[in-house]
> 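Got a structure for you, written out below as C-alpha cells; questions coming shortly.
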Amino acid sequence: MAEKKTTVRSQDPNQRRVLDSMTRHRRLTRQLEALEKDNFQDDPHASLPQLVKRLPQFDESNESGNESSKRRKKTRGDHFKQRFRKNFQALLEEEDLSVSEGPNYLIACAEPSKFPQRHFCAVCGFPSNYTCVSCGARYCCVRCLGTHHETRCLKWTV
Amino acid sequence: MSTLVLDNGACFAKIGYSHEKVSVIPNCQFRSKTSRLKTFTANQLDEIKDPSGLFFILPFQKGYLVNWDVQRKVWDHLFGKDMFKVDFADTNIVITEPYFNFSSIQDTMNEILFEEYQFQSALRINAGSLSAHRYFHENNSELCCIVVDSGFSFTHIVPYCRGRKMKEGICRINVGGKLLSNHLKEIISYRQLHVMDETYVINQVKEDVCYVSQNFYKDMEIAQLKGEDNTVMRDYVLPDFSSIKKGFCKPREEMNFTGKYKTGEQILRLTNERFAVPEMLFHPSDIGIQEMGIPEALVNSINNMPEEMQPHFYKNIVLTGGNTLFPGFRDRVYKEVRALAPVEYQVSVVLPQNPICYPWEGGKLLAENPDFEEMVVTREDYEENGHYVCEEKFDI
C-alpha cells in the first residue's frame, strides 16, 4: 500500500474535541435545513445597479382599457407587495393553527417511523457500523475514517 | 366559454385548455451567469445557451406559494400573447393548491384571479382531488381510493371516499424531488466533483440514472464489487454546453473499468448513489428526517380510516407525481405495502401512464362534467360576497 497508515490512536485523546449530543443534534438540523435551499450560489444579478430594473416593461397591461389598468394599480402598489413578501415561517405562524380544531398542516405531518434507523458511511455511502468519537459521523472502515478526519471532522463549528 | 386547467406545481406548471393538450412548463424564473441582464421566465429556459450554474427563483417555499411577485410574472407570461393568449372575460380557470393551504394564501389567490386577471369564474381544488376524479371516472365501481402525490416539495398521502377527501387520513412526508436532488448534489460534491451550483444538471442526472432497488442490501453488496462484476455502477458524461449539450449515461459496453478515459469529458462514476437517493422516499430516516416512508405512511393512513373501508383503500392505491417515475417505484411500493397489510386484503397499486399530468387530465374531465357550473365561483359571486363564498364552496 502506498499510503502511510496513521492510526487514530496515536493522537492524544485529550486533543480531540468531543461534541455532545445537543451540538450533534443542532448540526443535523442545520444540514437538513440546508437541503431545503433552492440555490447554493448567489444571485448573478445581485451586483447590478438598480437603475436597470426600473426600465418600463411594455406588456399587455398597458394596452388594455383604463378600467383594468386602474384595477391593476390597486394590486401592484407597494403596500400590496408588502403583504406578499412574507416567507413561509411567517405565514405559518399567522395561521395560528393551535386555535382551530381538526386536522391541519401540523397534524398531517408523518410520524416517526417504527423501523430502526439505518446508518450509512458519511464518506462512501455504504452501510456503516462505527461512529466517529468526536463528531458522531458514521463510517464503514478505517480508510473512510481517515478521509473523514482529514476532510470533514469538526471542520466547521456550530 | 373555454376552461383553462392549471395544475400549479412547485416545479412544473401543467397548463392547457380543456379542449387541447397539456404543456408542462417550469414554474419559476431563471437567471444565468452568462446573460447578465435578462431574467428568463418559465419556458424561456430553452433560450438559455449555457445552463451551468443556473440560478432558480421559485415562487414556492416548502410547497406553499409565498412569492407572488414571481408567480405573477410567470402567470403573465403563460396567460399572455406568447403562450395561451387567454381572454380573461371568457375563460374559467381550474387551479390546484396544496393541501391545508393557508387562508392568507387562499385569499390572495382569490384576489389575484378575480381582481387582477378577472377570470369569468374559478375553481380552486387540490391536485389529488383531480387525480381521484380521474381514477373514479375510469373505475366506476370503486368507492374509495388513496392517492399518493409525490412531488417536488413533499409527498402527500390522501384517502378519498366517494369523491371527497378524508381529512383525518391525510399524511405529509417532507421528502420531495428537491430534497433528493439537493442530497445527490451534496454527496457528489463530497465524493467526486463540486456541483453544488448545478441544480439543473444534477436534476437531469437524477432522472436519467437513479432507480428504486427491489432488494436494498443486495444491491449494496453488488455495488461494492470491483470491475465488471459491479452491474450497478454507471458512468455519466456531464455536459459542457459546447460540444455536449445534454448529459447522458454511458452504455455499459463503452465503460472503461480499469484506468481512466482518454477523452476529455467530465465523468461521474455513480454506484450506490443510484439507488440510495430514491431510497429516501421509503426511509427518510436514512438521512436523519424522523418520518415514516411512503409504504409505512400509506398503511398508517389507511389504519386511521373506518374498518369497513380499509379493504377498498388497499385495492385502489394510485401513484402520481414526478417521483413515481423512478424505475422500479411501483413494484417496490407494492412489495412493501403487501408485506405490511393484513393478509386477507387484496393490494393493488396503480401507476398511470403519465403520473405528472394525471391531475391535469382529471381537471380536463372535470371541466367537461355537467356539474362543473355549480362547483365554480363566478366573478359576480365573488364581488358580491367576497372571500366567504370561496371558503364555503371550495373544499381545501
Side-chain angles (χ1 to χ4, degrees), chain A residues 28-29 31-32 34-45 48 52 57 59-61 68 71-72 74-76 80-81 83-92 94-95 97 102-120 122-127 151-152, chain B residues 31-33 36-37 39 53 55-56 58 61-62 64 66-69 76 80-81 99-100 102-105 108 111-112 115-116 118 167-168 170-174 178-179 182-183 186-187 191 196-197 199 217 220 223-224 272-273 276 283-293 296-297 300:
Chain A
L28 178 64
T29 344
Q31 279 170 353
L32 290 178
L35 280 176
E36 275 289 325
K37 279 162 73 166
D38 286 337
N39 297 291
F40 293 88
Q41 72 267 44
D42 299 320
D43 190 349
H45 286 197
L48 285 179
V52 179
Q57 286 163 331
D59 56 350
E60 288 292 297
S61 62
S68 47
R71 280 226 178 118
R72 282 197 194 195
K74 175 183 167 205
T75 58
R76 280 186 198 234
F80 207 65
K81 283 186 180 169
R83 256 172 80 194
F84 295 160
R85 290 234 174 112
K86 301 200 177 116
N87 69 354
F88 178 77
Q89 204 50 39
L91 285 174
L92 183 59
E94 244 184 32
E95 194 68 6
L97 289 169
N104 59 27
Y105 175 77
L106 295 173
I107 292 181
C109 190
E111 297 154 20
S113 170
K114 294 190 181 57
F115 297 111
Q117 183 170 353
R118 310 188 291 199
H119 304 289
F120 298 96
V123 175
C124 62
F126 290 104
T151 49
R152 267 224 174 140
Chain B
R31 285 195 186 147
S32 164
K33 296 184 303 218
R36 286 212 137 224
L37 284 178
T39 300
F55 184 80
F56 283 67
L58 288 110
Q61 207 179 36
K62 290 205 156 202
Y64 292 87
V66 296
N67 191 340
W68 284 100
D69 289 340
D76 284 344
K81 54 183 167 51
Y99 294 96
F100 298 123
F102 304 141
S103 43
S104 43
I105 305 183
T108 318
E111 280 183 33
I112 293 201
E115 290 176 24
E116 182 165 329
Q118 297 175 356
K167 283 199 175 154
E168 312 77 46
I170 299 185
C171 190
R172 181 187 76 250
I173 307 172
N174 291 317
K178 178 162 148 186
L179 199 89
N182 279 345
H183 185 237
E186 258 191 51
I187 50 185
R191 294 173 199 172
M196 290 305 277
D197 296 342
T199 312
Y217 288 109
M220 272 291 182
Q224 281 177 318
N272 62 1
E273 297 90 350
H283 290 268
S285 52
D286 282 357
I287 200 184
I289 298 178
Q290 299 302 336
E291 287 179 15
M292 303 181 154
E296 228 189 311
N300 198 20

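Numbered from 1 within each chain, the chains take letters A, B, ... in sequence-line order.
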> Spell out, as yes or no, whether a donor-acceptor pair under 3.5 Å connects the side chain of B:R191 to the backbone of A:V123.
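At least one qualifying donor-acceptor pair exists.
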
> Between B:H283 and chain A, which part of the residue has a heavy atom less than 4.5 Å away: side chain, backbone, both or neither?
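Contact with chain A is through the side chain of B:H283 alone.
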
> Tell me, side chain or backbone of B:T39 under 4.5 Å from chain A's heavy atoms, or both, or neither?
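For B:T39, the contact with chain A is made by backbone and side chain together.
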
> Identify which part of A:D38 has an atom lying under 4.5 Å from any heavy atom of chain B, answering side chain, backbone, both or neither.
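Backbone plus side chain of A:D38, per the 4.5 Å heavy-atom cut-off to chain B.
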
> Is there a side-chain contact between A:L35 and B:E186 (heavy atoms, below 4.5 Å)?
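Yes, side chains in contact.
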
> Do A:F40 and B:N182 have side-chain heavy atoms sitting under 4.5 Å apart?
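Answer yes - side chains close enough.
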
> If I measure from the heavy atoms of chain A, does B:T199 come under 4.5 Å with its side chain, its backbone, both, or neither?
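Contact with chain A involves the side chain of B:T199 alone.
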
> Would a 4.5 Å heavy-atom cut-off, applied to side chains only, mark B:E291 and A:C109 as touching?
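With C-beta onward as the side chain, the pair touches.
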
> Which bit of A:L32 comes within less than 4.5 Å of chain B, counting heavy atoms only: side chain, backbone, both or neither?
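The answer is the side chain of A:L32.
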
> Is there a donor-acceptor pair under 3.5 Å between the side chain of B:N272 and the backbone N or O of A:C124?
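Here the side-chain-to-backbone pair exists.
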
> Can you name the residues that form a ring pair (Phe, Tyr, Trp, His ring centres under 6.0 Å) with A:F120, not counting sequence neighbours?
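B:F216.
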
> Specify which of A:K114, A:K37, A:E111 makes the most heavy-atom pairs with chain B at under 4.5 Å.
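Top count of heavy-atom pairs under 4.5 Å with chain B: A:E111.
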
> What part of B:Q224 lies closer than 4.5 angstrom to a heavy atom of chain A: side chain, backbone, both or neither?
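For B:Q224, backbone and side chain are both near chain A.
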
